[in-house]
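Structure record follows, encoded as structure tokens.
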Amino acid sequence: MVTVGAESLWLWIGTLGMTIGTLYFVGRGRGVTDKKMQEFYIITIFITTIAAAMYLLMATGFGLTQVQVGNRTLDIYWARYADWVFTTPLLLLDLALLAGANRNTIATLVGLDVFMIATGLIAALEPNATYRIMWWGISTGALLALLYILVGTLSKQVETRDAEVQSLFSTLRNLTMVLWLLYPVVWILGTEGTIGILPLYWETAAFMVLDLSAKVGFGFLLLRSRAVLEKASTPTAAATA
Ligand SMILES: *C/C=C(C)/C=C/C=C(C)/C=C/C1=C(C)CCCC1(C)C
């Protein structure tokens, strides 16, 4: 097993942050009896629970491996991808339920998302430096397609909903777009990109801040107003069509 370096500080902060987030959402969700509203709580609680477990896996060194690229040895946290392959589809599901999206839109979003994380994992484990960048490009292409659906199809489907639901959706969609676009940037500048502009220590800190914002921050904004969630839980013509 590979030993975790000084970046373990950020991984422990990540573990703690995700755990506090989980406990907070569980606390808020107790008392919620509406079945539709419970869906948002269940999904969001799973997101931070999975992330807390994967951060613990990374902090304790099990989630870390090494990849030989040319004459360099890269420390790769594979557990990130195990986290993201489950948590990013769940984040999209939260957004899609809020928008009242139909099944085809949800399936397309989740499909593109899993493809993005899977090709990202290939990029991280590929020993050839050129192929690494190629897989990064393929994964980034999937991200752009996914964000295109968020601003296009999904934003169109939310137009039939209540004004407050629309406003919450816009906030969460914009937050998601900005944060998610930063992931491939941190990746390519960090250890994985082999250019090594961002050392592992700072790369780990950057991913931790992004993960906490995209999961705990996102969940906090989503679950903050019960009144809005209640409106989002009433089926609309678009959702039932
Ligand atoms: C809670 C975790 C979140 C929101 C993670 C999001 C991750 C991404 C949007 C990752 C994207 C990547 C690419 C587009 C290129 C290849 C490398 C990745 C996997 C970092």
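Here, residue 1 is the first one in the sequence, and each next residue gets the next number. Each ligand, and each atom within it, is numbered from 1 in the order the structure gives.
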Could you measure the distance from the CG atom of Leu95 to the OG1 atom of Thr105? Nearest 0.5 Å is fine. 13.0 Å
How long is the span from the CZ atom in Phe207 to the CG atom in Asp83, to the nearest 0.5 Å?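 The CG atom of Asp83 is 11.0 Å from CZ of Phe207, to the nearest 0.5 Å.
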Closest non-hydrogen protein atom to [atom], residue and atom name please, with distance?
atom                    : result
atom 18 (C) of ligand 1 : Trp187 CD1, 4.2 Å
atom 2 (C) of ligand 1  : Lys215 NZ, 2.3 Å
atom 4 (C) of ligand 1  : Trp180 NE1, 3.2 Å

Identify which of Gly120, Ser139, Ala214 has a heavy atom lying nearest to atom 13 (C) of ligand 1. Ser139
From atom 11 (C) of ligand 1, work out which of Tyr183, Phe207, Trp84 has a heavy atom at the shortest distance. Tyr183
Hey, which of Trp84, Phe86, Tyr55 is the one that makes side chain to side chain contact (heavy atoms under 4.5 Å, CB included) with Ile50?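 Per the side chain to side chain contact (heavy atoms under 4.5 Å, CB included) rule, the option paired with Ile50 is Phe86, out of Trp84, Phe86, Tyr55.
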From Tyr77, Tyr201, Trp12, Trp202, residue fulfilling side chain to side chain donor-acceptor pair (under 3.5 Å) relative to Glu7: Tyr77
Quick one: which ligand 1 atoms are inside 4.0 Å of a heavy atom on [X]?
X      : result
Asp211 : 1 (C), 2 (C)
Thr140 : 14 (C), 15 (C)
Trp136 : 15 (C), 16 (C)

Looking only at side-chain N and O atoms, does [Y] offer a donor or acceptor that is under 3.5 Å from a partner on [X]?
X     : Y      : result
Asp75 : Thr191 : no
Thr73 : Gln68  : yes
Arg72 : Thr194 : no

Select one of side chain, backbone, both or neither to describe which atoms of Thr88 lie under 4.0 Å from any atom of ligand 1, heavy atoms only. side chain
